[in-house]
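Note that the coordinates shown come from a computational prediction; the quantities given were computed from them, not determined experimentally.
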4 protein chains.
Amino acid sequence: MAKRKIKKAVLAYSGGLDTSIILKWLQDEYECEVVTFTADLGQGEEVEPARQKALDMGIKPENIFILDLREEFVKDFVFPMFRANAIYEGEYLLGTSIARPLISKKQIEIAQQTGADAVSHGATGKGNDQVRFELGYLGLNPDIAVIAPWREWDLNSREKLLAYAKEHGIEISKKHMDENGNPKASPYSMDANLLHISYEGLHLENPAAEPEDDMWLWTNSPEEAPDEAEYITITYKKGDPIAINGEAMSPATLLKTLNDYGNKHGIGRIDIVENRYVGMKARGCYETPGGTIMLKAHRAIESITLDREEAHLKDELMPKYAKLIYNGYWWSPERKMMQAAIDATQETVNGEVKLKLYKGNVIVVGRSSDESLYSEAHSTFEEDEVYNQADAEGFIRLNALRFIIEGKKQPERIASLIKNNEE
Amino acid sequence: MAKRKIKKAVLAYSGGLDTSIILKWLQDEYECEVVTFTADLGQGEEVEPARQKALDMGIKPENIFILDLREEFVKDFVFPMFRANAIYEGEYLLGTSIARPLISKKQIEIAQQTGADAVSHGATGKGNDQVRFELGYLGLNPDIAVIAPWREWDLNSREKLLAYAKEHGIEISKKHMDENGNPKASPYSMDANLLHISYEGLHLENPAAEPEDDMWLWTNSPEEAPDEAEYITITYKKGDPIAINGEAMSPATLLKTLNDYGNKHGIGRIDIVENRYVGMKARGCYETPGGTIMLKAHRAIESITLDREEAHLKDELMPKYAKLIYNGYWWSPERKMMQAAIDATQETVNGEVKLKLYKGNVIVVGRSSDESLYSEAHSTFEEDEVYNQADAEGFIRLNALRFIIEGKKQPERIASLIKNNEE
Amino acid sequence: MAKRKIKKAVLAYSGGLDTSIILKWLQDEYECEVVTFTADLGQGEEVEPARQKALDMGIKPENIFILDLREEFVKDFVFPMFRANAIYEGEYLLGTSIARPLISKKQIEIAQQTGADAVSHGATGKGNDQVRFELGYLGLNPDIAVIAPWREWDLNSREKLLAYAKEHGIEISKKHMDENGNPKASPYSMDANLLHISYEGLHLENPAAEPEDDMWLWTNSPEEAPDEAEYITITYKKGDPIAINGEAMSPATLLKTLNDYGNKHGIGRIDIVENRYVGMKARGCYETPGGTIMLKAHRAIESITLDREEAHLKDELMPKYAKLIYNGYWWSPERKMMQAAIDATQETVNGEVKLKLYKGNVIVVGRSSDESLYSEAHSTFEEDEVYNQADAEGFIRLNALRFIIEGKKQPERIASLIKNNEE
Amino acid sequence: MAKRKIKKAVLAYSGGLDTSIILKWLQDEYECEVVTFTADLGQGEEVEPARQKALDMGIKPENIFILDLREEFVKDFVFPMFRANAIYEGEYLLGTSIARPLISKKQIEIAQQTGADAVSHGATGKGNDQVRFELGYLGLNPDIAVIAPWREWDLNSREKLLAYAKEHGIEISKKHMDENGNPKASPYSMDANLLHISYEGLHLENPAAEPEDDMWLWTNSPEEAPDEAEYITITYKKGDPIAINGEAMSPATLLKTLNDYGNKHGIGRIDIVENRYVGMKARGCYETPGGTIMLKAHRAIESITLDREEAHLKDELMPKYAKLIYNGYWWSPERKMMQAAIDATQETVNGEVKLKLYKGNVIVVGRSSDESLYSEAHSTFEEDEVYNQADAEGFIRLNALRFIIEGKKQPERIASLIKNNEE
């Protein structure tokens with residue numbers, strides 16, 4: 001395929017080895033100007049060093065964008081998703097998936113500002129991230145050109161990459177070399193942001209193998225976690241957490257604080273085989289300390305403030321919502337549509353949840369709210385003034401009426417139900 | 001309401017105080033013959049003593065039915081439900097709900113055998129269990145009369161009940177009396193079977209209050225659990241567990257064994273506010289040690305053996321399925337219909353899951369199966385022969401086509417998406 | 001059951017025989033003041049005569065409320081429902097169901113204004129309408145007392161009703177008597193408003209019997225309809241129709257106009273057996289002339305203005321939405337939640353639909369919109385600049401990847417799929 | 001892209017111009033042996049002439065497969081789909097979609113028999129059919145090579161195709177030429193089988209334009225249809241039609257007979273803008289005469305034989321099921337899973353439906369079944385012995401309980417509901 005003509009490309013640039021190689025490759029292969037975009041999403045690494053690296057590779061100062069997106073990330077992406085109690089395939093809290101749409105959006109904005117006609121990312125051709133980035137790009141700018149080097153080049157192994165770097169004078173940090181200065185075996189494939197850190201590859205490619213202890217970078221193991229439980233209280237307003245132990249915090253600070261609690265108490269390790277959108281199964285390990293706490297707390301505050309059928313409809317929609325985000329459809333009309341339904345329920349999700357954190361466990365020990373729908377008078381076992389027990393008979397008899405009629409008119413269907421159950 | 005004429009009633013009889021009072025009350029109020037039915041569902045109490053108590057209250061020997069239903073309970077009710085990964089409202093494993101349809105079925109069968117024209121149960125008029133029992137009764141015999149004493153009598157407090165017992169010479173066991181022989185304050189409302197034990201009432205009626213430590217009867221607390229983790233392996237066949245650590249076990253034995261593991265390691269405590277079918281919210285605490293392990297293990301074996309879209313469709317149907325069982329619709333055509341869909345996926349859910357149990361945590365550390373769909377060749381990050389990375393471009397571009405067209409034809413909709421996200 | 005003490009009751013009063021009997025009965029049985037509420041919902045009968053009748057029965061002038069609700073009915077109830085393309089059980093356009101929540105709301109408002117402590121309606125104890133009325137009452141005022149005479153009195157046959165009327169001096173209009181002044185056999189049970197007229201009972205109770213020709217009151221039969229087709233154009237704005245043939249109309253006028261077209265051309269007769277919320281099946285016949293046209297037109301304008309996945313998600317939610325309305329849950333948080341999702345899609349549902357009306361047929365013959373997402377360039381069969389046909393290969397191969405992996409790893413599953421299909 | 005090495009390819013060959021060009025092109029470009037497969041699916045054209053044409057192009061007699069698939073098509077594909085009442089986007093009866101999986105399956109079987117390593121089809125790169133064919137191929141044989149000439153060659157216009165045909169001596173039938181023997185403008189893109197005939201392209205590419213009268217090939221227009229209505233009765237067994245007017249018929253004969261009725265009475269024309277799986281909207285017109293009758297009849301027989309919740313769950317699953325088939329996922333585990341749920345309900349769908357056919361209208365005028373769940377005793381308006389009207393009060397009050405509690409505890413939510421409705 002003949003290379004397209006590209007004038008200027010905005011690259012999602014971490015400053016690390018892989019995206020530095022991409023930067024160079026874009027300059028060489030496309031002979032285009034490159035704009036670098038480096039975001040602080042709370043991944044826990046300095047972003048400023050990327051500036052010097054970019055300058056060293058000939059990027060003009062005005063083409064270097066380094067942005068602190070932590071508050072926007074948590075407020076406009078993480079929190080709306082947690083309002084939905086989103087979990088993919090029963091386990092995964094979508095930590096990587098939810099960061100991609102924000103990166104896409106910023107790249108498109110920077111392309112607009114700088115007059116770039118292309119965007120580029122460092123995701124491979126076998127994963128979900130390429131889809132998430134590019135659905136974002138094309139969803140927000142249908143005319144943008146997309147360059148996905150991993151699908152175009154032939155640097156399809158660790159060795160070839162390092163050789164390319166050496167050949168082009170790209171600095172290889174020590175973590176990629178052994179003590180003799182030779183290229184080290186590939187590390188885990190990792191991704192981190194304020195919500196989580198993920199691990200794929202290597203040892204994990206065997207789904208029967210337990211992860212090595214030293215793979216986990218954030219959390220204490222439950223064994224290492226303190227022997228003493230700790231209690232915290234989270235305050236919710238309109239479905240979002242706004243304070244911990246009574247102290248109001250910005251979204252990013254709040255999530256960071258929950259991460260600290262979770263890391264300390266060994267909370268939020270996940271080890272799964274998941275189904276990728278591009279068709280294969282993949283083993284992934286994740287640490288989502290704060291998110292694991294938030295999910296539990298949000299369900300707890302909803303348990304006293306949401307109407308039953310709102311809660312059930314949310315539960316029925318959730319798998320579809322989680323799938324949308326996993327597959328990269330944040331910037332879609334159907335996500336907006338589902339979000340409208342979810343958000344319509346969160347106005348009254350206000351109050352406090354008390355949690356006990358202990359060696360990997362997040363235990364809800366109390367919930368309270370001025371908007372509670374819990375009525376002690378109705379749930380007590382003693383007699384009350386508000387509930388007429390006789391009502392239950394009519395309730396049951398009319399709910400059973402279709403069975404009664406069926407049983408009278410077509411009695412053999414009962415036998416069929418029973419037989420079916422015993423097979 | 002004039003009492004109906006009842007000839008003979010089959011009572012779900014535990015041998016405890018409440019159902020003994022009901023037995024007497026049925027004899028007095030309905031002047032009918034009573035058949036007692038006492039089931040061993042693994043609740044952990046002897047069932048044989050119920051025989052003597054029934055005889056003492058004048059029940060004819062041939063009208064006393066004491067059945068060991070543990071295997072049938074686990075095989076035909078618990079296991080099919082776990083194939084669906086059923087959870088109600090994100091937390092509750094349906095331990096009480098799933099036992100009711102079996103009790104209903106047996107009562108109807110015994111009514112048929114003994115020529116009884118009525119059935120009776122000891123569930124109150126404010127709870128879900130009355131619905132579950134009676135939908136079962138009427139679903140399996142539309143002509144049966146149902147007697148729900150708690151909805152009919154005026155013994156609507158602990159004190160009145162104990163007075164009635166005393167007056168009618170019903171033995172009150174010591175656990176209902178304090179050291180002076182006076183009636184003790186009401187205990188928690190509890191229900192137990194092989195799958196779980198539940199607690200409601202008292203202290204729990206305040207959803208902001210943490211349960212008292214000594215309420216929990218089955219499990220060690222995570223704090224008390226061993227400091228050493230333990231590994232177990234569960235073998236699955238057609239979606240059901242059949243062996244632990246390579247040792248084949250009957251369904252009930254297997255669940256009992258998992259309960260032992262769970263109790264030891266502090267696994268399976270649940271503390272929630274749930275939405276009852278009869279309309280109010282209620283606080284409930286549950287211990288489901290073996291079930292908690294099974295849910296995690298079943299999802300893990302499914303993760304390598306199920307096709308992606310099967311798994312997702314199961315996840316979308318699950319909340320509805322769980323609600324059916326919670327609400328008491330086991331014996332309904334729609335449960336049968338959903339079960340057909342679920343079971344159609346389980347033929348290939350075979351293999352082994354290795355778990356680590358530690359202080360409340362159930363951690364999947366390995367899964368393997370001869371029927372695995374996991375392909376290391378496809379998920380590896382190195383180059384491979386089986387996957388053409390270039391395919392991803394077409395995949396993404398066609399999935400994005402509706403956005404591209406929208407963006408070109410109606411560009412203002414993009415602005416609306418972004419604006420909407422920031423609100 | 002002892003009669004509750006009622007001070008003042010707001011009765012949904014049509015002025016007809018049945019609700020006149022109820023009025024009298026309320027006065028006698030409850031010895032309470034009665035407030036009459038008569039609504040013009042477009043049922044096609046004068047509402048003013050109800051005033052004199054009420055006065056004749058001793059109702060104070062300030063207790064007589066006669067309201068023209070036609071615009072509110074169509075704008076705030078019918079139109080939102082049609083945005084969802086709601087159909088119950090594949091056929092029924094919910095004409096009765098959608099009127100009940102408005103009546104409930106007005107009764108509660110009038111109770112508030114007049115200081116009434118009760119509301120009452122004339123729906124029977126076997127139908128859905130009692131549920132719809134009362135869920136509305138209790139949803140909007142939890143303390144209101146509800147009087148449902150049909151469930152309380154013993155006037156459970158036509159003959160007893162007429163006897164009661166005679167005895168209490170209630171005027172029996174000629175349509176209830178034969179030529180000799182004797183009570184006539186009961187008519188069809190009917191309900192009408194701007195959206196539809198319904199028929200139940202009599203001859204229809206045999207589901208194998210065709211309705212009699214003279215039952216249908218509104219529409220021409222297709223046979224009687226003109227031999228010449230007629231074309232009309234409906235203009236949509238934000239999902240609601242706002243003009244016919246370019247002439248802007250208020251909601252009620254627009255629906256009335258569509259009814260005229262539909263009646264003339266034999267459009268909108270429905271004959272079904274439906275499943276009532278209270279548990280039994282019932283035969284119903286309906287005429288929904290304008291609604292039938294609107295449903296077709298709304299789908300057509302959506303077909304060019306909605307994104308595919310919005311449209312599909314609407315289709316997936318629709319049966320649940322329709323069921324909510326059928327069952328009487330308009331005033332529920334879950335309806336509000338679903339409406340939020342639906343309305344979030346309708347902002348862009350603008351444009352024109354051209355229809356051909358002919359002997360029962362509503363045929364879409366054209367749709368156009370400034371907000372169209374239809375791209376002739378993309379759908380043409382000739383070559384184009386905007387679509388790369390090669391993309392389809394990657395799209396297909398990645399969508400097939402799970403099958404390819406399954407086929408390679410577990411080939412016997414293919415055989416099972418095929419075998420299953422042939423059974 | 002270098003051409004893959006292909007030994008032998010099975011081509012879906014109609015005998016028409018396009019697939020004859022493909023045949024030749026395969027021989028030339030791939031230098032491979034070609035096996036032709038021509039199926040009679042009831043498209044209404046002779047299939048035997050394809051044999052001579054194939055021979056003329058050098059195909060060996062043993063490589064020519066001409067199969068009558070009409071019975072298998074209707075029995076194993078059309079009927080199972082109609083059990084689901086499948087409709088795509090509210091209108092389309094999936095006539096093209098449902099034929100593709102059978103063709104795919106046969107091609108794979110013939111490839112197996114003849115030792116072919118590739119399959120090929122004549123669908124373009126912009127449509128759904130390529131997806132449907134190829135998901136079938138790859139779902140049934142993961143190793144098969146797929147050749148999609150329309151995505152590979154550069155014959156991307158009518159003119160180039162005809163030029164290619166002329167150059168290679170492929171006979172061009174008169175319908176492709178004008179009176180002077182010059183290539184005629186392209187016809188509608190059409191597809192036909194026993195279930196339907198479809199039209200796309202040309203004049204239809206403007207969604208505002210009404211189809212030309214002479215486009216429709218099968219049905220009378222409603223105007224041309226007889227002035228006299230006709231009544232027919234369809235007998236159902238386990239959800240499938242088995243007889244018309246009491247005369248038992250094979251599946252294909254039955255559908256053919258219904259087509260004759262429908263064509264005569266102007267039934268089954270559909271004109272829509274649909275959303276293609278590959279991402280764009282497309283205008284399509286369809287004639288599905290027999291299918292339109294079957295859909296109506298099947299719903300009618302279900303209306304008296306299915307339990308309410310079975311019917312509702314079917315309605316909720318239907319859009320997803322229809323989408324699966326539209327998108328080409330017949331041979332998927334998720335379709336099998338949904339079919340299991342659907343089929344589990346059809347055991348009792350037995351009985352007779354009487355229909356009136358008149359000028360485009362299919363009117364249900366009666367349904368009867370030995371397995372009916374309709375109970376006249378329960379639905380009558382007169383008093384009865386089987387239903388206690390007082391039960392309705394309890395039913396309503398418990399269904400309203402969550403509103404009552406909400407209204408008492410959080411009264412401002414009521415105001416919010418009302419306000420929301422008026423916006």
Which atom of [X] lies closest to which atom of [Y], heavy atoms considered:
{"X": "C:Y374", "Y": "D:E205", "answer": "OH-O, 2.7 Å"}
{"X": "D:S303", "Y": "C:K281", "answer": "O-NZ, 3.1 Å"}
{"X": "C:A377", "Y": "D:K126", "answer": "O-NZ, 3.6 Å"}
{"X": "D:L135", "Y": "C:I396", "answer": "CD2-O, 4.1 Å"}

Pair count under 4.5 Å, heavy atoms only, with chain C: among D:P211, D:S368, D:A282, D:A322, highest is D:A282
Measure distances from [X] to the heavy atoms of chain D and classify the residue's part below 4.5 Å as side chain, backbone, both or neither.
{"X": "C:N420", "value": "side chain"}
{"X": "C:Y231", "value": "side chain"}
{"X": "C:S332", "value": "both"}
{"X": "C:I418", "value": "both"}
{"X": "C:E352", "value": "neither"}
{"X": "C:A148", "value": "neither"}

In C:R367, C:K354, C:R299, the residue satisfying salt bridge (charged side-chain N to carboxylate O under 4.0 Å, His left out) with D:D271 is C:R367
Please classify the contact of D:R335 with chain C as side chain, backbone, both or neither, using a heavy-atom distance under 4.5 Å.
side chain
Spatial distance of atom NZ (C:K75) from atom CD (D:E422) [nearest 0.5 Å]:
7.5 Å
With a 4.0 Å cut-off, would you call D:R283 and C:E376 a salt bridge?
no
